[in-house]
Structure formats: C-alpha cells, structure tokens
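Excluded from the calculations below are hydrogen atoms, water molecules and symmetry mates; all remaining heavy atoms, backbone and side chain alike, are included.
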Amino acid sequence: MSKDNIPADYDHLKESEWQIRWEEDQVHRFIDDGTRPRYIIDTPPPYPTGSIHIGHVLNWTFIDIIARFMRMKGYDVMFPQGWDCHGLPTEVKVEEIHKIRKNDVPRDEFRNMCIDLTHNNIKQMKSQMQSLGFSQDWTREFVTMTPEYRAKTQLSFLKLYNKNLIYRAVHPVNWCPRCETAIAFAEVDYNENNTKLNYLEFPEVDGDGKVMIATTRPELLSACVAVVVHPEDTRYKDLEGKLVEVPLYKRPVKIITDTNVDPEFGTGAVMICTFGDKTDVSWVNRYGLEIIEAIDETGLMKDVSGKYKGLTIPECKTAIIEDLKTEGCLIKQEPVDQNVGLCWRCKTPIEILVKKQWFVAVKELENQILETSEEIDWIPQHMKIRLQNWTGSMDWDWCISRQRLFATPIPVWYCNDCGKVYLPAPEYLPVDPSIENPPNQCGCGCNDFTGELDVLDTWMDSSITPMVIAGWPSNNFKNYYPADLRPQGHDIIRTWAFYTILRCKALTNERPFNRIVVNGMVFGEDGHKMSKSRGNVIAPEAVIDEYGADAMRLWSANSVPGSDAPFDWKDVKNGYKFLRKFWNAFRFINMHITDYKMDKTAVLDNLNPMDKWILSKLNHLVSDVTDHLETYNFADARNKIQAFVWHDFCDEYIEAVKYRLYADSEDQQGSKDAARYTLKTVISTSLKLLSPITPHFTDEVNQYLEAGSVSIHKGDWPVPESDLMNDKSEKIGENGVDIIGDIRRFKSAIGRPLNTPIKSATIYTMDTELFNILKELESDITGTTRIKTLKIEIGKPDVQEKVVELTPVMSKIGPEFKKNAPKIVKYLESNDPQEISETIDMNGELLIDGFKITKNHIKSRKEIVGSSGEKVEIFNSEKLDVVLEIVI
Ligand SMILES: [Zn+2]
Ligand SMILES: [Zn+2]
C-alpha cells in the first residue's frame, strides 16, 4: 500500500475487502490461551427468518462496539453467534412453500424440509451480518437444531426432571386452535376489541326464582359448570347453594359465591365455563368443579355441545344466540370492550384447553429468579423491574410441551406395562422417541414403550446459551461461566432473559451473566413501528449499498440502551459526509507527515499554543469516550468524536497549522515538527477512538498511516496522556480559534477570499490577561490569517472620521454662480477636503473669492482613519472583548 497513492475519495465499497481480510487474518478470534483476561458475550441467537432487520442492526452494532472496544482494551473476547432454529414460523413457512400441512408428510420428511430452509436462511443472515462488519468469531457458531445442541437441551431437561422441577400433568393450557399447539403465557399477545355482552336467564330448578347472568361467550354454555355471585350481593341472597338450569341444555348447575366476582359488572352473576378465561381456571381449582371440554384442538365444537358439534367457535356463537332468542332466554345484548388473548404467531384468539402437558415449575423458582436478578447488573436499571413484575404474574407454570414437529424432542418414553416414565441415560442423547426405542428395558422388565410425540418449546433451546457457549456440560465450563455480558432487546425480557435466569440458576446454582444491556426497538422515520402495511420498513441492504455499513453503524451508535430509536436517513447521510470530511483531512495531512518519525520528547518544547490546545482536547476526548463506552453511552461517544474531528480538528486546527507545514527555513523546523507530531497524534488517536464504531473506514485510513500494521483492531486502546491535558492551554487555544474566526469573518464580510493577505492589523483589548494570551498567539494569528504586520495593544483604537473627498453639486453651483462656477469647482477639488469641511462646519459657510459656499453645494465622503492617518476598518470580535483595527 503506497503512502503517496491515496485515492481522492473514500470508497465505501472497499468495506467488503476488509471483511474478508479480517476473516483471513483471524482478527476477531477468541484466543483462549490464558494470556489475557477473558470477556464473554452471550450473544442472542436470532430466529433464522432469512434476513436481518434494522432492529438487529441496532442490537448487533451495540454488541460489536463493545466487543471491539474490549479487545483493544486487552481482553480476549468471546463473541460467538448462534441460531435459534426451531419453532412455528419455520413450520408455517415450510407449509406455505410446499403447499402442505405438517401431517400430510412423514414427520422426518417435514423436519428435513424445515432443516433445509433453516440452513439457507442462516447462510443469508450470516452474510448480511458480515456485510455490516460485525466481528463474531465464526468458529464459535452454534445452531440449536444440530444433534450436538439438541443433546444439550435434552440433558438440561433430564437434569431439571431429576430435580423435580419438570413435571407432566393434566392442566389447563393456552392453546392456539390454528397452530394446534399449547403455548406459554409469554407467547400470548393481548388485544382490545368490541363484542356483545349477552344477558341470559337461568331458571331455578325447584322454585320460581331466576338468575340473569351476563356473558360474552354463550358458545360455551355446554361447558357451564356453575354460576357464581358475590357473597354480599343481596340480590342473590336467597339463591346461594340452589340449582339453576342452563338454558338450551336444561342441565342443573349450582350457584356458588366468591369474592372475586365484580357485582358492578353485568348483572353481578357469572357463569363458570371450562374454560372461558383464566378466572374460570382458578374457580374450577378452588371449588373442585367438574371439567367439561367443549372445544377440540382444532377449534371445533365437541360432542357435548350437542347440535353444534363440528361448528367453529364463531359459527357456534352465531347459531346459539339465534336459538337463545327463539327460546326467549336472551333478554338483552349490549356492546362491551374486551381484552382477547391472541396467539403471538398467527393472531388467532387462544382458547384454554385441558391437556396433559409438560411444565417447568416456575412457581417454585420465583424467589430464586428474583434473587438472581438482583445479582445481575441491569443497563438501564429500570429493565430489572420489568423482569421482576413478570415473575409472579403467571397463573400457572411454564408449559414447555408443544404439539409440533420442528423442535427438540422431549426425551421421554412411557412403559406400556407399568406406565412409568422412562428417561434415557445422558450418554444416549440426543434421542427422538417418536421414531426410536429406548436403549434399555423398563425397570419392570417390559420392552414395550410409547414414545413421547410432543416436542419442547423453543425457549428450552435458547435459554441455556450462557452454558452452551461455556462448553457445558464439560467439566471446565465454569471457567467460562457466568458470561460477562448479555445483550438483548427489551421485547424478550419476559422470555429469553426470564427463562435463561430461571434455567441456568436451576441447573448451575449460579447467575447466567454478570451484566445485561437491554437495547430498544427501531421505529420508522414516521415514528411508528416498522410494518409492511405502513410502508415504513427500511431494509439494511438499501442503506449499506448507498452509504456503506459504517455510515449505518454511525446512525446505530447515535442511541443508548433502553431507548427506542427512530431510523433517520439524515443521520446516515451525516455519517457518510463525516467520513469523507475525515478522509480529505487525512489525505491533506498525509503528504506532510509521511516522512515524519514520531518523537514526543523532541517536540515537547516546540509545541505552540494551538498544538497544546488540540492535544489537551484530544486527551480529554480519550478519557470521555472511554467512560462513555464503558457505560454504554454510545451516542455521547459518537457525537463527541464527531464534533472534535469535524470542527476542532478539521475546521480549526488544520487551518491554523497549514502555514507552519509549508515553512522551510531551518529556524522554523522545530515548529514544523511540532505541528507534524500533533497532526499525526490527533489523527491516529481519533481513528482508534472511532474504530469500534466505524471499523472499515478506520482500517482503510490506518493502512496508510501505520504501514505494516495488520489491522487497527489489533492495536491498543488509547490512554489519556495527563501531561498534555491543561485547562489553560485549552482556554488559550479557544481564544485563538475565536480571533482567527473573527478575521476570517471580516474577510468574507468585505468579499475577499480567505487567503488574501492583510496589510496590517491592530488588536486592542482592555483585558490584560487576554492581552497576554493574544501575545502568545501572535504567530498563529499572522500565519493563519496572512496579516503582514500585527500589533496587539492594551487600550482602544485611536481613530477619527475624516472627509477624504468632496464632490461639487453641479446642479446647484452651475445655475447660482454661472461663469464663476469652474473657478469654484477647481478650488474645491484642489484644496484639502477635510479643511474645507471643517470651515463650513464651523462657520456655516466658506468664501471663495467672495462667493458664499455652504454644505448644500458639496457632497463629502468620509473615512475612518487610524493614528497613522491611513484608512482603517474597525471590527468587533464576536466572542472576545477586543476591537480590531485593520488596514487592508
Ligand atoms: Zn397460532
Ligand atoms: Zn415398566
């Protein structure tokens, strides 16, 4: 790479060359030789949808900045990348692509279709991640659908089962009738909508009394098992314990009382159905009520619903309302708002069904989860409250069995003879009980088994990542556990963070990570959530193609954990412009520093005020940016680097130093070297500070600056040099910037190019401290602004207004003095205009050969002149208490 051959423009298409070189040179490899402290990142394994979205970009840019920063700080960083493969979305996609339902083909065939699709999707997403310059160590990639990973998930199942923290029970579960599977609470989305509240009359069985109940779900009448009222509701005092008849079905049910009934809602009487909602579940448990299953797994009405059997839930609702009207049981209907639970995946309203399912005993672990969450450092802190509020909010344990295919099988068989649960020994894992027999016979001697067909919730795979990346279950996994950092989005606190803390604590008795950094979501430019229907989705590739990954990363870095960030094209373009500004500055500097050998001690005595100023600012920047990155304040880090490079360095310092670079006399060599030392220091330190945010650009510049260096990312993070930090130097330099700025503004106000020389200037101030500072800055001011003679004085300018030209007003002189006019004009033109003017001012007139001349006969042009009598311009400084007197 020739140092003199720097392209005129920075080309972001070179980013891909760097991505290849980093991979070839193993720049991001986790070394693990024990020579450096380890730093382990528990990276989120995304779902392989086939493309990464802009929320991923934000999340991974944060992670990548941390990883690159920590490497330069001397850590051996483990930045793995996993893929959380299993689950419904891929099954649904496969069904779509092949136009089948999962049960149309053998289980194995369907699963292979899912595996193929996932491999392709991973490939695409990996290449997108690489195009953004993310620095994962790809030798540490993990894929949850591989046999190795499945064995770990299954082993974690066995271990929790043996600790009695996993159990199988008949229990109500949230059920999606479209996906035909149980789902966990964390997978239920809630949505407000309008429905009708139906008032139905239940006649008393032995008597004339009637109870009117109000319900939104008349289609569940066949599953009604009781009517419940508040114990203090006087309207129903006499009916407590009596039987009433369910309309249409003519079946008796008991009236019971419970304080959870709201007497203000509807009629104050409620029917309990199995199951209309979660409250029904708690009443059934509390009063030992019978369970009637009215709805099947596919959402169709069952036998008990009588003539409605086989109808869908909405069909049944319409039909039953008609019949209730005909029978005279429907008294009235009124509109009501309701909160409906929907399947997270397909948005179908969920039902509560009673099923034999596998559960993790969350309720038993709640205290441990809360304690562990206290041991973890949460960034930002308030995200911890979200996790703690969620813990304890679930009505029942975590249902982990799913009636799907593409997932880790539950490693369990049931003995057909004694009925016992049979678990394989760990060395036989992974197993698939849906197609294999157990390796040994049952304890009862029987060899006849039924394999579990259900599979595990995908969160069972992904909630052990801190253990898996540490090498669990090998003996030395504790050397790499807990992870140092868990980065993730706030949308998965209830799932990934919650389940990881729960399972890792239960399995290892330790917290899974020391710190969690929670990032926000990305919104569209219109401030709304990105969605296809709104048309506000931005594809990361579109941004990268036009402006490059680094410009996009600069946008990502302009935010902080916990806060949602809107996408902003303007900010991306600003980043793009910034990098080009930096590039041009570097190109200019490079030709001056190419042959310079850095030697701090040699130049220390020759540093001039502007050098000291920029070096002091640079070292404060090093200290600030280090603090900001250590506290994940990416936005402040980015903005301070950008303001420093763009304004202080490019706009001010480089301009103030140019005259020294072109100096060629021997006595100017010391000053020239000091300037070269300062330029090189500022540029190479700024590049290092910027390198975690814009890794490609900084390596592109670095190859010219540091010949022979493999990558800037292999270098050390800069530390502030305290001997160069000085408040007084900063103040002096600031004053220099101000006064040079004043003179530049003056030139542009009078329409002269900035490089026009100025004959002389005097700077006046009444402030002696400022006077001394300006004295120090003398050569920088003259050198930069091209003032030939500069004086700095205490005091005020001694100037006066002087008439420099008189023009006779011929329209008056001609008619009035007729033939004498030429004589008068000649006199006016050949005598001192100032003297003539003074005489007229004093006497009101001037006599020329007896002719009376007044100010009506002349026009005068005045100028300001200085003490030397030369014409001067007076100019006030914008920020400093000084007045400038300038002779152009
Ligand atoms: Zn669904
Ligand atoms: Zn048995």
Check your understanding: Among W22, W18, W138, whose ring-ring contact (aromatic ring centres under 6.0 Å, His included) with H28 holds?
Key -> W22
Review point. Does the distance from a Lys or Arg side-chain N to an Asp or Glu carboxylate O, for D571 and R638, drop under 4.0 Å?
Key: yes
Check your understanding: Just wondering, more than 12 heavy atoms not from R494 lying within 6.0 Å of its CZ?
Key -> no
Review point. Just wondering, more than 12 heavy atoms not from F523 lying within 6.0 Å of its CZ?
Key: yes
Practice item. Please say whether more than 12 non-hydrogen atoms of neighbouring residues, nucleotides or ligands are located less than 6.0 Å from NZ in K478. Key: yes
Check your understanding: Under 4.0 Å between a Lys/Arg side-chain N and an Asp/Glu carboxylate O for K612 and E730?
Key -> no
Practice item. Flag the pair F567 / I54 as yes when at least one side-chain heavy-atom distance between them is below 4.5 Å, and no otherwise. Key: yes
**Study point:** Check: V143 and Y149 side chains under 4.5 Å, non-hydrogen atoms
**Key:** no
Exercise for review: Would you mind checking if K14 and E700 are paired as a salt bridge, meaning a charged N to carboxylate O distance below 4.0 Å?
Suggested key: yes
Check your understanding: Does T508 reach the side chain of Y481, with side-chain heavy atoms less than 4.5 Å apart?
Key -> yes
Revision key, fill the gap. One should read off an interatomic distance between Q642 CD and I693 CD1, to the nearest 0.5 angstrom, of 9.0 Å
Practice item. Could I get the full list of ring-ring contact (aromatic ring centres under 6.0 Å, His included) partners for Y47, not counting sequence neighbours? Key: none
Review point. Under 6.0 Å between the ring centres of F582 and Y10?
Key: no
**Study point:** Note: E630-K73 ion pair, threshold 4.0 Å (strictly below)
**Key:** yes
Check your understanding: Counting only heavy atoms not in K879, do more than 12 fall under 6.0 Å of its NZ?
Key -> no
Exercise for review: Side-chain contact test, heavy atoms from C-beta onward, threshold under 4.5 Å: evaluate it for S135 versus R71 and give yes or no.
Suggested key: yes
Check your understanding: Do I376 and R515 have side chains that get closer than 4.5 Å, going by heavy atoms?
Key -> no
Revision key, fill the gap. Rounded to the nearest 0.5 angstrom, the CG-CG distance for L724 and L615 is 5.5 Å
Point to revise | Mutual orientation of the aromatic rings belonging to H56 and W60 [parallel < 30°, tilted 30-60°, perpendicular > 60°] | key: perpendicular
Review point. Does a side-chain N-to-carboxylate-O contact under 4.0 Å join R68 and D64?
Key: yes
Practice item. Indicate yes or no: does R38 engage D32 in a salt bridge with an N to O separation below 4.0 Å. Key: yes
Check your understanding: Is W83 close to F142 at the side-chain level, that is, under 4.5 Å between some pair of heavy atoms?
Key -> no
